[in-house]
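Have a look at the structure below before the remarks.
Reminder, nothing fancy here: chain letters follow the sequence lines and each chain counts from 1. No hydrogens, no waters, no symmetry mates; every other heavy atom, side chains included, goes into these values.
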Amino acid sequence: MIDYFAKHSDMLMSAFLEHLQIVFITLIISIVLAAVISYLLLKSKKATNITVNIFSQIYSIPSLALFALLIPLLGLGNKTAIPVLVLYNQYLLIRNIMTGMQQVDRSLLEAGTGMGMNKWQLVTKVQVPLAMPSIIAGIRLAIISTTGIATIAATINAGGLGKILLSGLRTMNTYKIAWGTILSVIIALVADMVLKLLEKKTKATKLNEI
Amino acid sequence: MIAVELKNVNKQFKGQTTPALDNVSVQIEEGEFVTVLGSSGCGKTTLIKMLNRLYEADSGEIFLFGKNIKEQNPVELRRKIGYVIQQIGLFPHMTVKANIATIPKILKWDKKRIDKETDRMLRLVQLEPDEFRDRYPAQLSGGQQQRIGLARALICDPRIMLLDEPFGAIDAINREILQNELKAIHQKSGRTYLFVTHDIREALKLGTKVIIMNEGKILQYDTPENIINNPANEFVENLIRTAELKGGA
Ligand SMILES: Nc1ncnc2c1ncn2[C@@H]1O[C@H](COP(=O)(O)OP(=O)(O)O)[C@@H](O)[C@H]1O
Ligand SMILES: [Mg+2]
C-alpha cells in the first residue's frame with residue numbers, strides 16, 4: 001500500500017493537487033455568487049423561499065445527469081464540472097446564509113437603521129457577523145459536498161482524484177481505489193476541522209467568555 | 001427656535017381600520033424635555049418613528065429645526081438624531097466601546113477622538129470606562145445595558161433625542177436612578193428630548209412638557225402643572241386622577 005504510494009506518488013499527488021484546485025476554485029466562485037444572491041434576497045422573504053426551493057430541487061438532481069445536460073453547452077472537463085459544482089453549492093450556502101441572517105434580532109436592525117447605518121453597513125457590521133456561525137456551517141457542508149461530487153466529475157474528463165478512482169475501478173486496482181478514497185477523505189476532513197475551529201471561534205466571540 | 005414641528009400628519013398602516021396618527025399637529029421648542037404619554041397602541045412609537053423616517057407619513061409635513069425632513073437623506077437625518085429603544089438593541093458581538101462608537105466609526109472620526117469620546121460618554125452615564133469599555137453586552141445588567149444604549153445615542157451630540165420607553169424593562173429602583181441621570185444629562189445639554197412612556201408618573205416627573213395621546217390624536221400638549229390643573233378633557237382628567245390615587249398610596 002505504502003509501496004504503491006511511493007512508486008506512484010507523482011501521479012497521486014498531481015491528482016490530489018488537481019482535486020484541491022477544483023474544490024478551491026469551486027468554493028471561491030460559489031461563495032461569491034451565494035453572497036451576491038443572498039444580498040439581493042435580503043429584501044424579500046418570499047423571494048428567498050422561492051430561490052432556496054429552486055436550488056434545493058437542483059441539488060436533488062443526480063450529478064451525472066446534470067453533467068450530461070451541460071456537456072453539450074459547455075463541453076467536457078472543468079468547464080462543465082465547476083459550474084455544476086457551483087450550482088450544487090448554492091443550495092447549501094444560500095440556505096445557511098439566509099437562515100443566519102433572518103435569525104438576527106429585529107430590534108438590532110431597527111436600532112442600527114435608526115442610528116443612521118445604511119443598508120450595506122447594517123449587513124456587513126451587524127447581520128453577517130451575527131450570522132457567521134450559520135454561514136461557516138454552510139461552507140463546511142459545501143466543501144464536503146464539492147469534494148465528493150468532484151470525484152464524479154472525472155467521468156467527464158475533469159481530472160482530480162476521480163480520475164484515479166475511475167481508472168482504479170476500470171482496471172480493478174484496489175490500491176488506486178484506496179488511495180483515491182483516502183486522499184479525498186483527507187481533503188474533506190482537514191477542511192472540516194479548520195472550519196469547525198472557525199465556527200467555534202465566531203460563536204465564542206458572540207457569546208463571549210462570560 | 002422650533003425644534004420639532006408636525007403639521008396635520010396622518011398615518012394609517014395597511015390592514016388597520018383606524019389611523020395610527022390622526023391629523024397630528026404640534027410645535028416643540030428647542031431644549032424641551034417632552035414626554036409622550038398614552039396607553040399601549042395609541043401611536044406613540046409611530047409618532048417617534050415618523051421623526052427619524054423609520055415610518056413615512058401618508059400626508060402632512062414634519063420639520064426639524066425648520067427643515068422639512070422629506071427633503072433630507074434619511075440616513076444623514078438619522079445620524080443627527082439620537083435614538084434609544086426599549087429593547088435597547090446593543091450589538092451582542094461588539095464590545096461596549098465598539099457599540100458606543102458605531103456611528104463615529106462610520107463617520108471616520110480619528111482613533112484618539114473615538115477613545116476620548118467613548119470614555120467621556122461612559123462617565124456621563126455613570127460607568128467607569130476602565131471597567132466597562134471592553135465588556136460585551138451579555139456581561140452587563142439591564143440597567144447598565146440601557147446606559148450604554150443612551151451613551152451610543154448621545155455620542156454625536158444630537159440636537160434631538162428620541163427615547164421610546166427606554167426604561168420600560170428596568171426594575172423600579174434602577175429606573176428611578178436612570179430617570180434622575182437622564183434628567184441631569186438633558187439639563188446640562190440643552191438639547192431637545194422626546195421621551196415615550198406609558199407611565200404617567202414618569203411622564204409628569206421627567207417632562208418639561210407632556211404630550212398626552214389617545215387613539216392617534218394629541219389630546220393635550222402642555223407643562224405638567226397645567227395638565228394637572230387644567231386637563232383639556234375628561235380623558236386627561238381621568239388619567240390624572242388614577243395617577244394621584246397611585247401617588248397617594
Ligand atoms: N409596522 C406596523 N404595521 C402595522 N401596524 C402597526 C405598525 N406599527 C404600529 N402599528 C399599529 O399602529 C397603532 C399604533 O402603534 P404604536 O405607535 O406602536 O403604539 P404605541 O407605541 O403607543 O404602543 C397600533 O394599532 C399598532 O398595531
Ligand atoms: Mg410603542
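When the shell of 6.0 Å around CZ of A:Phe24 is examined, it contains 12 or fewer heavy atoms from other residues, nucleotides or ligands. Counted within 6.0 Å of NE2 on B:His198, heavy atoms from surrounding residues, nucleotides or ligands total 12 or fewer; the atom is thus considered open. Enclosure of atom NZ in A:Lys79 is not indicated, since only 12 or fewer non-hydrogen atoms of other residues, nucleotides or ligands lie within 6.0 angstrom.
Taking every heavy atom of both residues into account, A:Pro129 and B:His93 meet most closely at CB-CD2, 3.4 Å. A pairwise comparison of heavy atoms in A:Leu130 and B:Pro92 identifies CD2-CG, 3.7 Å as the closest pair. Between A:Gly114 and B:Asn52 the shortest heavy-atom distance is O-ND2, 4.1 Å. Taking each heavy atom of B:Phe91 and A:Val126 in turn, the nearest pair found is CE2-CG2, 3.7 Å. In terms of heavy atoms, B:Arg152 sits closest to A:Ala111 at NH2-CB, 3.7 Å.
Looking at A:Met132, there are no atoms closer than 4.5 Å to chain B (heavy atoms on both sides), in backbone or side chain. For a residue to count as touching a neighbouring chain, one of its non-hydrogen atoms must lie under 4.5 Å from one of that chain's; by this rule B:Arg53 does not touch chain A. With a 4.5 Å cut-off on non-hydrogen atoms, B:Leu90 touches chain A through its backbone but not through its side chain. In this structure, no portion of A:Lys119 lies under 4.5 Å from any heavy atom of chain B.
B:Thr102 OG1 to A:Met117 CE: the interatomic distance, rounded to the nearest 0.5 Å, is 5.5 Å. In this structure, NZ on B:Lys49 lies 3.5 Å from CD on A:Glu110, to the nearest 0.5 angstrom. For the atom pair B:Arg79 CZ and A:Met115 CE, the distance stands at 11.0 Å (nearest 0.5 Å).
In this structure the side chain of B:Gln87 never reaches within 4.5 angstrom of the side chain of A:Asp105, judged on heavy atoms.
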